[in-house]
Amino acid sequence: MPEMTRRERILTASRGKRADRLPFFHWWRHCQLGWAERECRNRGMGMAWARPSYTTRLHDVSVTEQEVVSGGVTVFRKTYTTPVGSVSYDEQREPGTGQWHGDRSWLDVTPWFTQRLIKEPADYAVVKFIVEHTEYRADYFPIEQARDWLGEDGIVTDIHPHTPLQTLMIDWVGSEGGRFFIHHAKYPDLVEDLCQAIAKSRLPMYEIAAKSPADVILCGDNIDGVLVNPRLFEKFFMPEYETMASILRPFDKLLGVHMDGRVAVLKDLIARTPIDIIEALHPPTMGDLPIGEALAAWPDKVVWVGFPGSVYALGTEATKKAALELLRDVVPGDRLAIAMSTENIVSNDNLRMVTSVLENAELPLTPESIDRIEKSIA
Amino acid sequence: MAEDKYLAALRESIVHLDFATIETAARQAIEAGIDPGTAITQGIVPGMTIVGEKFESGEYFLSELVVAAEVMKMGMKVINPHLKQADRHIARKVVIATVEGDHHDLGKNIVTTLLITQGFEVIDLGVDITPGRITDAVKEHQPDILGMSALLSLTMTKMGETIENLKEAGLRDRVRVIVGGTPVTPEFADIIGADYKALNALEGVKKCVEWVTPGKGGQ
Ligand code: B12
């Protein structure tokens, strides 16, 4: 049988079938371009792009941006003016933002919100107006372009924003000082009404995704069981995933959700969701659910592991040890793909070390084959 | 007995996360002549302790802990102006911060809430705090303990820099250093010379209590 391409490997594993080797890849947004990355790609590392299938257009809302000094720091203030009032947020951008890729700094960090869009109860109505006047339009060019560039070297996923509750928790109300929880306790009607409006406005976005050229639709949540406790997950997240899946399934799209936090407390609930790919799952200590245990708990799901930055910080020997431990934990290695990182830039040395462990990870993995891999890089 | 009624109302408001009743409960307690110090130590603090226990047992989640702390603050606002200087007991001090370059504050805030529940005075410097500012705060406040939080592998090195700064300022031996956050491993804490890496907030706060309890590691 001919060797699978990197794209085939990732997609085969993601559809729950056995690939020839354990797929591993680097997300473009965290990827250095240079000799080490080229070397690793020649040794089997795939690439992944996340690109949206839609653009948005606001109606009856005007948007302005100013650079202002607030609390002694220079921030960028975006103001949305609507017929029912205006709202604004401030963000602090680290050096490099806007100068290389996405909205990330040289160190790969997105801007920090220093003032949130929703600050007080009156802001909910304004934001609801914005939500209800947001139009989603299909634009498949970014996905088609990246697919053309990559060919068989990797995959392109569609990328969606946080689901409604997390849009409030992480983006619009924010969690500094636990603010979202306080708002939810004090103004439950405002929070839940806005959530419903967001959910409704997003339906066209799911329909656009269903018809997009991407094989995988990634929902950009940041699921963490401490922030998103089981009660919230069941009430606000599971129904949204059901809606997404019901729209995507007829078009044979895979639904992935970014679960980069500690999710052991949500394990049983996650098993009941229609999600196909649990993306960015981190092994302990960054996460709290060993990958083998996760695979066993979710027999109809695939895991895309995020290799932990906490390990990279300890150097190449620690990285080698953790990569081998990961293989031993997941024998025989099905329903799995490994992302070099889902959050950080990876040093050249660490990238090459993970590649050394994974380049010969033929499936099915056995304890003996992993011992051989270990000896080959001793 | 009447006193019990007022203290119970304070406790209940906190345990039931009740924004609507806490201010009235606090006002009524003061109007009934209850000593403000007693209102805190026997009303508010036991309420938060119960919330902490429910959090530990898994009955309450982070959301409840955060909301309870907010309810507590509303109660304290009513009671605090009535405290006489003599009532302000000398508590053990903790300076706490999220380190430079890092704005993750949820973990740090939980630790702060739980430390207050245990009777510590906490000076919370906030997020994105440089090693220099942390060192200055240690110099100024002379805490028993310094807590640092980092959630990014990019920023956790700032904990090491802070410890170096403390050494240079001759302060390292005067303060216990506890660190926490997901990417911070015990190995890393060892490398940078911290005294302890907390597994989670509860366990970290237990360590702090142990450090200041005479005979259990406390001076
Ligand atoms: C919520 C979250 C956010 C929120 C933060 C909201 C806030 N106000 O704090 C937002 C969305 C803003 C955010 C942003 C980012 N994040 Co973030 N985030 C998380 C997430 C999902 C949960 C963290 C959290 O709050 N948990 C709940 C709290 C209660 O837990 P905790 O902080 O761990 O604290 C507990 C213990 O660690 C301990 N503790 C913590 N500190 C201390 C201190 C002391 C003294 C003690 C005793 C104990 C203690 O007690 C707490 C309770 O038990 C984690 C995932 C994870 N695995 O941790 C990623 C994570 C921390 N984020 C990560 C990243 C990379 C980022 C970004 C850089 C990504 C980006 N977009 O650029 C940005 C930061 C830049 C930016 N400009 O926004 C990575 C860090 C990876 C790494 N190795 O560096 C993580 C680990 C995700 C991952 N899996 O890789 N994030």
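Note that the coordinates shown come from a computational prediction; the quantities given were computed from them, not determined experimentally. Order of the sequence lines sets the chain letters (A, B, ...), proteins ahead of strands, with each chain counted from 1.
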**A:Lys78 atom NZ, over 12 foreign heavy atoms within 6.0 Å** =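 No - once you tally the heavy atoms of other residues, nucleotides and ligands closer than 6.0 Å, there are 12 at most.
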
**B:Lys93, NZ atom: more than 12 neighbouring heavy atoms under 6.0 Å** =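 More than 12 heavy atoms, drawn from other residues, nucleotides or ligands, come within 6.0 Å of this atom.
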
**Which of A:Glu343, A:Arg231, A:Glu94 touches chain B most, by non-hydrogen pairs under 4.5 Å** =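 Greatest number of close heavy-atom pairs with chain B: A:Arg231.
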
Gap separating the [atom1] atom of [X] from the [atom2] atom of [Y], nearest 0.5 angstrom:
X: A:Phe181; Y: B:Leu106; atom1: CZ; atom2: CG; answer: 7.0 Å
X: B:Glu70; Y: A:Lys186; atom1: CD; atom2: NZ; answer: 5.0 Å
X: B:Glu187; Y: A:Thr285; atom1: CD; atom2: OG1; answer: 8.0 Å

**Request:** Tell me, for A:Arg262 versus chain B, whether the close heavy atoms (under 4.5 Å) come from the side chain, the backbone, both or neither.
**Result:**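 Contact with chain B involves the side chain of A:Arg262 alone.
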
**Asked** With a 4.5 angstrom heavy-atom cut-off, which part of B:Asn200 approaches chain A: side chain, backbone, both or neither?
**Response**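 No part of it gets close to chain A.
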
**Message:** Using heavy-atom distances under 4.5 Å, tell me whether B:Thr185 contacts chain A through its side chain, its backbone, both, or neither.
**Reply:**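 B:Thr185 touches chain A through side-chain heavy atoms alone.
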
**Prompt:** Where along residues 103-120 of chain A does a heavy atom come under 4.5 Å of chain B, listed by residue number?
**Reply:**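 So the qualifying residues are A:Leu107, A:Val109, A:Trp112.
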
**Request:** Could you check A:Asn229 against B:Leu62 for side-chain contact (heavy atoms from CB on, under 4.5 Å), going step by step and ending with a plain yes or no?
**Result:** CA-CA 8 Å; A:Asn229 63 47; B:Leu62 171 65; over 6 Å; no

**Message:** Test side-chain contact (heavy atoms from CB on, under 4.5 Å) on A:Glu176 and B:Val127; report intermediate values, then the result.
**Reply:** CA-CA 10 Å; A:Glu176 299 80 25; B:Val127 298; over 6 Å; no

**Request:** Determine the option with the most heavy-atom pairs under 4.5 angstrom with chain A, choosing from B:Pro183, B:Gly58, B:Ser63.
**Result:**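 Highest number of pairs under 4.5 Å: B:Ser63.
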
Looking only at heavy atoms, what is the nearest atom pair of [X] and [Y], with distance?
X: B:Asn109; Y: A:Gly178; result: ND2-N, 4.5 Å
X: A:Asn344; Y: B:Ser153; result: ND2-OG, 4.0 Å
X: A:Ala313; Y: B:Met156; result: CB-CE, 3.4 Å

**A:Ser310 side chain reached by B:Phe188 side chain, heavy atoms, under 4.5 Å** =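 Counting from C-beta outward, B:Phe188 and A:Ser310 never come under 4.5 Å.
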
**Message:** With a 4.5 Å cut-off on side-chain heavy atoms, are A:His282 and B:Thr182 touching?
**Reply:**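 No - every pair of side-chain heavy atoms lies 4.5 Å or more apart.
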
